[in-house]
Amino acid sequence: MNLSSRMVIVLTSVGLISGSFLASVGLLTKERIALNRQQETEAAIVTVVPGTTNSQIVYEEEGFTVYEGKEDNGNLAGFAIYASGTGFQGKITLMYGTDSSMTKIKFLTIIEQRETPGLGSKITDVEAFLRYWENKDMSSSLTLHKPAASSPEELAPTEVNTITGATISSEKVLEIVNLSLERLRNLKKEGKLSSEEQDAS
Amino acid sequence: MELLALFISAILVNNFVLYYFLGICPFLGVSKKIDSAFSMGLAVTFVMTITAVFSWLINHLILIPYGLDYLQIVSFILVIASLVQLVEMFIRKISPPLYQALGIYLPLITTNCAIMGLALIAVLNNYSFVETVIFGVGSGLGFTLAIVLMAGIREELDLADVPEPLKGAGIALIVAGIMALAFNGFLGMIK
Amino acid sequence: MPAKSIRAEYLKGLWQENPVFRQLLGMCPTLAVTGAVINGIAMGLATSFVLIFSSLVISSIKKLIPSQVRIACYVVIIATFVTMADRFLAAFFLPISKSLGPYVPLIVVNCIILGRQEAFSSKNSVGRSLIDALGMSSGFVLALLILSSIREILGSGTFLGHQVMGAWFKPWLIMIFPSGAFITLGILLAIALVIESKAKQRR
Amino acid sequence: MIDKTYILQSSPHFKDKDSVPKIMYVVILSLMPSFLTSVYFFRFRAIALFVSCIGACLATEALFLWLRKKPKHSLLDGSAVITGLLLAMTLPPSLSLDRAVIGAVAAIAIGKQVFGGLGHNIFNPALVGRAFLQTAFPVAMTTWIPPAMLKVNTVTFATPLDNLKFQDAVAQGTLTSLKDLFLGNIGGCLGETSALALLLGAIYLFYKRAIDWRIPVGIICALTVFTGIFWLANPDKYASPLFHILAGGLLIGAFFMATDMVTSPITPLGSWIYALGIGIMVGLIRLFGGYPEGVMYSILFMNTFVPLLNRYTRPRILGERREK
């Protein structure tokens, strides 16, 4: 066998063997990875709309998704809004839940962030940041309370707290939420969020 | 405007060397002389830009439509390796002086994690085609800036009385650390 | 192979030819993922997996590969194992896979792996290659462990997530930042050189 | 041409033993007005910080000299004292002393001694120490207390630049008055609050010809032009150039830190480029960056360019060809 044909044969067989190996690994892990992703979203929905056992997408566009959360007995538990935007150092994706009539934000959770560790990354911290988002009036834009308040009682219903030393990260989260709230209000006005319509279609 | 922000942030804020730690081997290895550091930087920028184009095309025209995303790593590394080969042959034909300047660095680039990192980070961030290309050019220039500054400092340090165990990589890493501190000033500048 | 040489073959990876401290290889992941010990260990194990299996495969088929295409073959084989490691982490250890980000796929360009294939596996028997790969892997894991321990303890006051420093300690956030990684590794390299030169004097 | 070759020596310019301490003592003397005002404004806190920073700098220097078996006389050349003094002046008065000591050790160890000591360092040691602290303890490094003169009942107190950045002070009309900025009855780092004291020291430095005038002039001009453009375009949103010059660490940075002989360019053209770079970057960070203040980052950033500036702005000697 001459050299060049040997080269071709070796390369092709190495390629084929590793290709088939990879294909089987890909198939074996594909489902699991997709499942992981789905579980992550579901867990986030349950966190922000407690009591949800069953959720479905009612509206979706780039970087903005509205889920409808239903309880076991079929009652509407609330809506979960997935939104993303740019933070201090990278993308922030978050999710917050509303009550069924969309008047109040129930909870906020951060899904992904790349803020400064130990500072901006405190946006994932319940004690320092997230608990200040509970039960906020969502009929108008929210504002930031500066400097940081030490307990949620100090805040007005439309105010959320700043993280000491990470004003920008706090502002970015606020900005993402405010933008998505505006979209949400518009959608509601246009009647695109009523679940009956969804069911009928 | 967003593209400009992406470009500047790739050079200064999310610098490939000082923020992502990619391309450390050439950053330490080829930063002893300013001239060679500059050539290395140019070669990396060149290959990064081309890699950005091809990796995006392959990912979006072949891998994603056919559900072959598990071949990403293999195909990217093969694309990079063959691109470097092609670029090398091409430059040798077209411009011998350029080849003289960049030639010896091109083979080194194949195993340079900055190139592979570029392709992977672009995929991870879901960049569009234009964004990927801008990101590629910016990252390459960011690498060039870091390596040329480092080379300038190391030439200066040749005359300095650096403690024996720190000579070479040790002091270079500490300088890189202080450079990373200085580059922190740009944090938050890109909205 | 005599027992003594097996030991020497393994031990050289731990110190004399330690990939990070002595050969300055694989610096990118060493710096990038060592902000927390758990990430350092995960990275070390993933790299070890790829190194050990590629060394096994390559040393056993080395006679079949023509030297002109050996690099291409090595790269394909390495990339295969890297993809497996990447997929496995994404499927079963999602949080770790997320925090390691692009650095798991980047094992494919880690100079340690290709370097060992070129320098060792392509010339030595399967057994010796295995021991060499085990030694180099241990050396790499050791280096990551040292660096990430220093960075996590000083940077967060914790070790593997457990509080180890008293309440008096105020974490030095800089250690989690890139600058802290560079400075710490620079100092560690100097310490390694001092130890080595002291050891040489004694020999 | 012969005249020009005089500038060709590499930094440091002063190698003989007599002149190093002499220049250093001029610098120390020029910092005295600021030292006194900071003690006046922040009382015991100021003294404690000065003592611990200078002490820790001297101790670290001594440790390195002993480790490297070097002669001890350089301990008394005043450079470590200056580093300690300058570092303390850039710290918030409320910073705990153990943190200040960490900063001082970092300043001497990784800012100076790893490069081989005085004359070899690339970056300003005091600023390396401060940048280390800023990144290590970001919250403590941005928590301010009011000066003792100001009888206010708050524990924390924002600096004029904090107000500008985070409270929209121009639009709110709460911008600190220029008079307060000039005298120093404001919150801020120990030595940066009183512009008057800094200017007194700067005049002495000029009188002694201890610094390159191009650097402070270049920095102030660049910042004036940069912030002036935005101020003229929209005075309801942006603060005036004079505010920017007097506020924060600009004056102490421009006169005492950017001018550090070892870490600034040796050629006139290099000095201009270096100074303009610092001024513009300060403006960029203050107006568009994530931090209210950027003098420290700007000087460190331009420090990295100094070797390149020295190399490419050096006048060519007659007949010299660039080596290939």
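All values below were derived from every heavy atom in this structure, side-chain atoms included, with hydrogens, water molecules and symmetry-related copies excluded. Residue numbering restarts at 1 for every chain, and letters A, B, ... go by the order of the sequence lines. Since this is a predicted model, take the numbers as computed values, not measurements.
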Original post:
Does any heavy atom of chain B fall under 4.5 Å from the side chain of D:Gln113, the backbone, both, or neither of them?
Top reply: backbone
**OP:** Begin from the C-alpha positions of B:Asn184 and D:Gln134 and carry the test side-chain contact (heavy atoms from CB on, under 4.5 Å) through to its verdict.
**Re:** CA-CA 10 Å; B:Asn184 268 351; D:Gln134 174 86 54; over 6 Å; no
**OP:** Could you tell me which portion of D:Met281 (side chain, backbone, both or neither) has an atom closer than 4.5 angstrom to a non-hydrogen atom of chain B?
**Re:** side chain
**OP:** Count the heavy-atom pairs under 4.5 Å between each of B:Ala151, B:Ala160, B:Gly152 and chain D, then report the option with the highest count.
**Re:** B:Ala160
Original post:
Quick one: ring pair (Phe, Tyr, Trp, His ring centres under 6.0 Å) partners of B:Phe76, sequence neighbours excluded?
Top reply: none
Subject >> ring-ring contact (aromatic ring centres under 6.0 Å, His included), paired with B:Phe186, selected from D:Tyr291, D:Phe288, D:Phe301 >> reply: D:Phe301
Subject >> Part of B:Leu181 within contact of chain D (heavy atom distance under 4.5 Å) >> reply: both
Original post:
Counting heavy-atom pairs under 4.5 Å to chain D, which of B:Ile153, B:Leu166, B:Val175 comes out on top?
Top reply: B:Ile153
Original post:
Any side-chain heavy-atom pair from B:Pro163 and D:Arg68 closer than 4.5 angstrom?
Top reply: yes
Subject >> Proximity breakdown for D:Thr304 and chain B, heavy-atom pairs closer than 4.5 Å >> reply: both
Original post:
Side chain, backbone, both or neither: which part of D:Phe123 has a non-hydrogen atom closer than 4.5 Å to chain B?
Top reply: side chain
**OP:** Please state whether the side chain, the backbone, both or neither of D:Ile122 comes within less than 4.5 Å of a heavy atom of chain B.
**Re:** side chain
Original post:
For D:Leu284, is it the side chain, the backbone, both or neither that has a heavy atom under 4.5 Å from a heavy atom of chain B?
Top reply: both
